[in-house]
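These notes concern the structure reproduced below.
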Amino acid sequence: MSIKHQLKRGINCLVAQLRKVNIFPRLLLVFSTLLIASTVFITFFNQKNYAAEAETNAVKYLSILVQNASLELVQEKEQIELGLLPFIQNENVLHAISENNELYGSEQPDDVKTQEKMRKNRYMIEQTLRSVKNNVNGVKAALFVTENAQYQMLAEKEGASTPYIRNLDEFHKSEIYQKAVAAQGYPSWRDSVKDTSNLIYENKMDVVGILGCVTVSCQVYEPATRKPLGVLVCCVYPQHFTEMLSKYSSQDGGNTFIVGENGLVEGISASLSAPPFLRQNNTFIQRVFSQHQGSLLLESQGQQLLVNYCGEKGFPIHIVNLTYRDYALQTVRRISRLSFVVLGVVIAIGAFGFYLAAVSISRPVNRLIYAMKRVGAGDFSAVYKATSHDEIGLLCGEFDLMVADMKKLIDQVYVAEIREKSLALGEKTAQLNALQMQISPHFLYNTLDMIRWQCMYDSGGESAASDMIEKFCTLLRMTIKGDQKKETVQESLLHAETYLEVVNFRHTNKIQLNTRISFDPTAYLLPCLSLQPILENAIRHGFSGEEMADSSIFIVGSLDGNGNMQLRISDNGHGMSEEQLEALRASMENSELTKNSIGLQNVNQRCKLCYGQNYGIQIESEPGVGTEVVLTVPAEPAVHEGGKPIV
């Protein structure tokens, strides 16, 4: 058996299984498979890919941010190092340092001339230290340390404090001094938070030394002999770096920090709404200063953080950015929520379209089945009367022809004698049927529609005649309700507007229709064709004779507190005398229809039959002012297909 034959056989089996199920579930299965499944899959797939791409872009952006901040930090570090050169390369200062070092080691340091010379040398050295502090941004304290002495920068004014090393021997053992000596003239940067708090004091009276300080130290040599003279030490407060890098703190949901080898140094305009620095971060600090640049994902306090860091090897402070992952992906989540909303809308629209398609198939089929059952029971008047032109409409049309042929055959075989005896009555019945066909709204609507198309064909497009016929056809279509007994207030108002448009074709001064409904007109029901007879009565009697320039009809709708709905239809026509009004009111109570008020009587009697004697029409009129008709019915809510009220 070929693959093609097997495939065809499988499809036939599947179709056979589907045909065991009603049409509605079949369509639901197709709808669910093709629309919902594919839409959900595409939505989730795109959302997942977009989230991954957005996270990658966020990491790239944050990585570039910390790299730029690190680059500016390194550039500022180089500027500070260049600011030390006026001291390191000043020959007079170096000579003064060398001379004082020799005098400290001489046997006569207490000689007056020697002391004066040492004092002048010290003054030059300390004055140069002060100029370094003043000319280099970020330097808050400058000292020069030899094996035997220390030099503090001169105070800005008399009595001001100057930095001071309390224990010179301990300072010689510290990493600040030792690293500078080992660097052999190159600047040595240290995160000296621990060292400066124990060694360097802002003045001699302080109990605690300088806190939170970054130091740069450099071994100074005599130019000619390359003999070490001492170590220049400058203290830089982290606030200088954070102020310089403040522009890198503007990203939402994240904080940028300056970290040293000993931990957090300073936050760059840190925000309380963004992540704090990591606790117990020794492992993380070691990773930052071993790799110097990278990105990773960490979890802190139950939230995931995007971590990016960057720094220069040999520089004791690096840049670290911490950003909440959820905040970085909030745009993705917002788009995801929007996608789900769109998905819901698409599914709802698809479900509504499916419902319409299914109903358009199932309802005609059910009607056809019902008609077939009636014919099977012997009722050959049960025809479908198809109005659609699809396959089901054609099938139903053929069914009607078949029923007609069957009825004709039965008449010929079984009731020929009966028909012969009642020929006279049959002729009259045929004449009556023909007359009914002529005035049938369906027949009249179809005939007028053909006339309208012919008018359009003859005139090459829309014309006044075709427009009139179209409006009249619309009015006829509204009257064809089948077995529908009620319609919404909105449909009644539309019917009234269309009727007035048709009537206005023969008026030079058009009659205006003004409506003011204080409730939702789609939410309540009226008996069909309740407003047109009232408007027709107003036009026929209120505006008869010479046309008025400002002819108007007003429809005002409201709900009272007793669960009733009132529609007041008033006009500014001729009005009625007291005698005419009483005669009309009397005719409204008469069960027999009269010639002049058949429309109003019909509406009034239908309302009373449908709702009770307390409902119906009340009429007020005044000559020269106009007439008002008040239609009162219960406020009956419109309902859905499922039977639930709209309101």
Side-chain angles (χ1 to χ4, degrees), residues 387 438-456 459 461-544 547-548 550-557 565 567-573 597-600 602-604 606-607 617 626-629 631 633 638:
T387 57
Q438 291 175 4
I439 64 173
S440 169
H442 285 283
F443 179 76
L444 187 57
Y445 167 72
N446 292 332
T447 304
L448 287 174
D449 194 46
M450 289 188 292
I451 295 173
R452 172 178 173 266
W453 282 104
Q454 187 62 42
C455 290
M456 292 176 62
S459 61
E462 293 287 348
S463 65
S466 64
D467 189 34
M468 293 178 186
I469 295 173
E470 181 185 8
K471 294 296 183 182
F472 187 58
C473 288
T474 302
L475 182 62
L476 284 178
R477 187 167 58 248
M478 291 180 178
T479 63
I480 302 172
K481 298 292 184 177
D483 56 354
Q484 181 179 343
K485 297 181 180 180
K486 295 180 182 179
E487 60 188 3
T488 64
V489 176
Q490 180 69 28
E491 292 174 330
S492 291
L493 291 174
L494 181 59
H495 192 167
E497 291 174 2
T498 307
Y499 171 74
L500 194 58
E501 288 179 2
V502 173
V503 171
N504 276 331
F505 279 126
R506 62 186 179 90
H507 287 280
T508 303
N509 295 320
K510 307 298 183 183
I511 300 174
Q512 302 298 319
L513 178 62
N514 302 283
T515 61
R516 187 173 74 252
I517 308 299
S518 62
F519 53 86
D520 183 2
T522 64
Y524 297 98
L525 297 176
L526 273 178
C528 290
L529 298 176
S530 295
L531 294 182
Q532 179 189 334
I534 302 176
L535 265 66
E536 183 178 356
N537 189 76
I539 295 169
R540 181 178 179 185
H541 299 289
F543 302 119
S544 62
E547 293 188 8
M548 299 170 59
D550 58 346
S551 301
S552 298
I553 296 177
F554 304 86
I555 301 178
V556 179
M565 175 174 60
L567 294 174
R568 297 179 177 271
I569 302 94
S570 59
D571 62 70
N572 59 353
S597 57
I598 185 172
L600 295 179
N602 182 276
V603 174
N604 187 52
R606 283 193 293 139
C607 290
I617 289 177
T627 302
E628 182 181 77
V629 178
L631 175 61
V633 295

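Since this is a predicted model, take the numbers as computed values, not measurements.
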Worksheet item: Looking at Pro533 and Val603, what are the two nearest heavy atoms and their distance?
Response: CG-CG2, 3.7 Å
Worksheet item: Ile555 and side chain to side chain contact (heavy atoms under 4.5 Å, CB included): which partner among Val629, Asn514, Leu535, Ile534?
Response: Leu535
Item to complete: State, without any angle test, whether Thr522 and Gln490 hold a side-chain donor-acceptor pair at a distance under 3.5 Å.
Response: no
Fill in: Considering all heavy atoms, the nearest Ser492-Glu487 contact
OG-OE2, 2.7 Å
Worksheet item: Is the closest side-chain heavy-atom distance between Phe519 and Val489 below 4.5 Å?
Response: yes
Worksheet entry | Spatial distance of atom SG (Cys528) from atom CZ (Arg606) [nearest 0.5 Å] | 7.5 Å
Worksheet entry | Thr515 OG1 to Glu497 CD distance, which is reported to the nearest 0.5 Å | 6.0 Å
Worksheet entry | Atom pair CD/CG of Glu491 and Leu531 - distance to nearest 0.5 Å | 11.5 Å
Item to complete: Please list, chain by chain and in numerical order, all residues satisfying side chain to side chain contact (heavy atoms under 4.5 Å, CB included) with Asp571, sequence neighbours excluded.
Response: Ala538, Phe543, Ile553, Thr627
Worksheet, complete the sentence: Phe554 meets the ring pair (Phe, Tyr, Trp, His ring centres under 6.0 Å) criterion, sequence neighbours left out, with none
Worksheet entry | Working for side-chain contact (heavy atoms from CB on, under 4.5 Å), residues Ile539 and Tyr499 | CA-CA 11 Å; Ile539 295 169; Tyr499 171 74; 3.9 Å; yes
Practice prompt. Measure across Cys607 and Pro527 and return the closest heavy-atom pair with its distance rounded to 0.1 Å.
Written response: SG-CG, 4.4 Å
Response to the item:
Separation between CG (Leu631) and CG (Leu526), nearest 0.5 Å, reads 6.0 Å
Item to complete: Could you tell me the separation between the NZ atom of Lys486 and the OG atom of Ser530, rounded to the nearest 0.5 Å?
Response: 10.0 Å
Worksheet item: To the nearest 0.5 Å, what is the distance between CG (Leu493) and CD1 (Ile517)?
Response: 5.0 Å
Worksheet item: Should His495 and Leu529 count as side-chain neighbours, where that means a heavy-atom distance under 4.5 Å?
Response: yes
Worksheet item: Between Asn604 (side chain) and Leu600 (backbone), is there a donor-acceptor pair under 3.5 Å?
Response: no
Worksheet item: Do Asn504 side-chain atoms and Ile511 backbone N/O form a donor-acceptor pair below 3.5 Å?
Response: yes
Worksheet item: Does Val556 reach the side chain of Leu567, with side-chain heavy atoms less than 4.5 Å apart?
Response: no
